[in-house]
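What follows is a short report on a single structure.
A note on names: the letters A, B, ... follow the listed sequences, proteins ahead of strands, and every chain is numbered from 1. Scope of the values below: all heavy atoms of this structure, side chains included, with no hydrogens, waters or symmetry mates. Not measured: the values here are computed from a predicted model.
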There are 2 protein chains.
Amino acid sequence: MEPTADEPTIPPAIAEAWGLRGRAPKGPRPGLTLGGIVAAAVALADAEGLPAVSMSRVAKELGAATMALYRYVGAKEELLTLMVDAAYGEPPAPAGSGPDWRVGLSRWAWAEREALRRHPWIVRVPIGSPPLTPHQLGWLDAGLRCLDGTGLTEPEKMSVMLLLTSYVRNEALLTAQLLDAAQAAGREPGAVMPAYARLVARLADPARFPALHAVLASGALDSDDDPDDEFTFGLDRLLDGVETLVRARTAG
Amino acid sequence: MEPTADEPTIPPAIAEAWGLRGRAPKGPRPGLTLGGIVAAAVALADAEGLPAVSMSRVAKELGAATMALYRYVGAKEELLTLMVDAAYGEPPAPAGSGPDWRVGLSRWAWAEREALRRHPWIVRVPIGSPPLTPHQLGWLDAGLRCLDGTGLTEPEKMSVMLLLTSYVRNEALLTAQLLDAAQAAGREPGAVMPAYARLVARLADPARFPALHAVLASGALDSDDDPDDEFTFGLDRLLDGVETLVRARTAG
DNA sequence: CGCTTCTGCGTAGACCATACGCAGAACTAG
DNA sequence: CTAGTTCTGCGTATGGTCTACGCAGAAGCG
């Protein structure tokens with residue numbers, strides 16, 4: 001029973017997510033499954049948003065009592081972590097034949113964006129610790145694999161992935177914010193950006209915020225342009241930056 | 001009293017943050033100040049973390065009753081928004097003489113990083129709407145101003161700023177997560193990264209996560225290298241990407 | 001058939017945000 | 001000076017949250 005003190009504590013629920021869990025030969029059969037609980041929570045978040053996910057609500061969805069969940073999950077935060085992991089799902093398959101890192105990373109980024117689009121609440125989950133769950137690490141691995149063959153060092157690859165996922169997640173967060181603001185104001189989603197622009201224009205003094213007003217005056221925010229174009233632009237900039245480095249490494 | 005229905009609703013507390021608030025000639029003098037409340041909340045978050053910031057706790061800190069705060073703030077979320085705005089503070093002064101956009105944006109990014117370092121809880125605040133507060137927009141304006149003179153279009157400038165702030169914020173989030181995990185496990189901050197690496201190595205099967213294991217095997221995560229170097233690397237990559245675009249625009 | 005061990009879950013405690021409404025302060029109009 | 005108005009502070013109360021604890025009973029082992 002002595003916990004190996006040289007290793008950091010690992011939550012049992014996460015261990016179970018990795019498939020390593022001493023199953024008990026004694027006692028009654030568990031009536032619930034960790035996977036089932038997480039799936040129910042994910043479905044609930046998809047349908048009614050993250051605030052609807054409370055322990056009692058998830059339990060009710062499963063026909064169980066609130067406290068029953070705590071036999072499978074140490075705390076709510078663990079459930080949230082596992083929800084995120086489940087919502088990410090399997091990472092995109094590595095690009096089959098083409099060893100082009102750029103198309104690979106691009107596919108990867110679009111896949112993450114798609115996952116975040118399907119489960120917009122992911123970016124709202126307050127995360128307390130670095131990624132340790134299977135799918136999460138699977139995505140990281142899939143991304144790193146795209147960088148094989150480039151002359152980048154391992155830490156550099158890691159930094160590139162951080163850069164990439166930062167961008168995708170933050171873009172998704174902003175999109176989700178706009179969407180929420182839209183439906184909070186009862187507006188159709190297409191009209192929220194212009195409304196936001198008008199609000200900023202009214203609040204911010206042109207003398208104190210000249211560059212901001214230049215953007216507004218240009219009408220850049222009036223038209224509700226394709227969010228995909230927006231995303232593509234940033235992604236291209238980012239990959240251009242990586243490409244500069246790759247060229248320097250392969251040339252050296 | 002008819003609210004102009006063509007404009008979206010603007011929370012009174014945010015209006016007050018912009019300095020436009022019809023002060024009441026009647027009634028008793030307010031005993032509290034919105035600025036004072038926000039300052040107390042910020043101080044509390046700095047000292048004890050974001051979870052310590054509850055309405056009752058902030059009120060106690062001010063020697064007032066809980067419900068007194070609701071005369072100044074419509075909901076807790078508004079208080080959080082204003083806390084973030086206050087914590088950001090004034091944006092860095094635009095680079096004096098040098099019209100080099102790159103050093104300007106670099107200074108900007110380092111300044112944001114410094115702000116997030118001083119108030120690590122910022123990245124933990126769940127934000128529900130796009131930025132509308134004075135300092136927040138001030139930072140945006142300051143960043144956009146760095147891009148004057150480059151041939152970028154206004155939407156392009158906006159995208160660049162989104163890209164940049166995404167990176168800075170996400171890097172800060174990851175740092176904060178590592179730090180939290182460190183002190184939750186009772187470890188000194190320097191030892192948390194290697195511990196994390198060892199955990200991943202133990203959980204993830206090398207066959208299923210080859211690229212991840214390559215990183216671990218390289219020892220990239222063992223040494224607790226200077227986080228500033230890490231940050232600089234990503235920032236350089238990002239600015240390289242922007243530079244490619246700027247060159248294309250000025251050449252065209 | 002006990003003994004052990006584990007599950008489900010009822011109860012209860014400590015918080016939390018906040019809707020509502022009242023007492024009284026500060027000002028204006030007469 | 002007085003009455004009216006308006007706003008502040010805040011006490012009370014409601015309905016929600018997470019979760020610590022402990023008990024009843026199921027399932028298997030010796």
Below the 4.0 Å mark, does [N] have OP1 or OP2 next to a side-chain nitrogen or oxygen of [X]?
{"X": "B:K76", "N": "C:dA17", "answer": "yes"}
{"X": "A:R29", "N": "C:dG8", "answer": "no"}
{"X": "B:Y72", "N": "D:dG9", "answer": "yes"}
{"X": "B:S56", "N": "C:dC15", "answer": "no"}

For this session: Name all residues meeting the side-chain hydrogen bond (donor to acceptor under 3.5 Å, both in side chains) criterion together with A:R57; count only those two or more places apart in sequence or in a different chain, and write none if there are none.
Result: A:E48, A:E61
For this session: Go through the steps to decide whether B:V42 and B:V53 satisfy the test side chain to side chain contact (heavy atoms under 4.5 Å, CB included), and finish with yes or no.
Result: CA-CA 9 Å; B:V42 166; B:V53 178; over 6 Å; no
Measuring from the side chain of [X] (C-beta onward, heavy atoms only), which nucleotide among [options] has the closest atom?
{"X": "A:A68", "options": "C:dA17, C:dC9, C:dG21", "answer": "C:dC9"}
{"X": "A:P30", "options": "D:dC10, C:dT7, D:dC29", "answer": "C:dT7"}
{"X": "B:P28", "options": "D:dG11, C:dT11, D:dC7", "answer": "D:dC7"}
{"X": "A:L32", "options": "C:dG8, C:dT18, D:dT8", "answer": "C:dG8"}

Rounded off to whole Å, could you give me the [atom1]-to-[atom2] distance for the [X] and [N] pair?
{"X": "A:M67", "N": "D:dC23", "atom1": "CE", "atom2": "P", "value": "15 Å"}
{"X": "A:Y70", "N": "D:dC23", "atom1": "OH", "atom2": "P", "value": "21 Å"}
{"X": "A:L69", "N": "D:dA20", "atom1": "CG", "atom2": "C1'", "value": "15 Å"}
{"X": "B:M55", "N": "D:dT14", "atom1": "CE", "atom2": "P", "value": "21 Å"}
{"X": "B:L80", "N": "C:dT18", "atom1": "CG", "atom2": "P", "value": "10 Å"}
{"X": "A:K60", "N": "D:dT17", "atom1": "NZ", "atom2": "P", "value": "9 Å"}
{"X": "A:I37", "N": "C:dT7", "atom1": "CD1", "atom2": "P", "value": "11 Å"}
{"X": "B:L79", "N": "C:dT18", "atom1": "CG", "atom2": "P", "value": "10 Å"}

For this session: Take B:L69 and B:K76, measure what side chain to side chain contact (heavy atoms under 4.5 Å, CB included) needs, and give me the verdict at the end.
Result: CA-CA 9 Å; B:L69 302 187; B:K76 191 186 181 181; over 6 Å; no
Exercise. So B:Y167 and B:F231, would you call those rings parallel, tilted or perpendicular, with 30° and 60° as cut-offs?
Worked result: parallel
For this session: Hey, which sits more toward the 5' end of DNA chain D by its nearest nucleotide, A:R71 or A:S54?
Result: A:S54
For this session: Report yes if some heavy atom in the side chain of B:D85 is under 4.5 Å from a heavy atom in the side chain of B:W139; otherwise report no.
Result: no
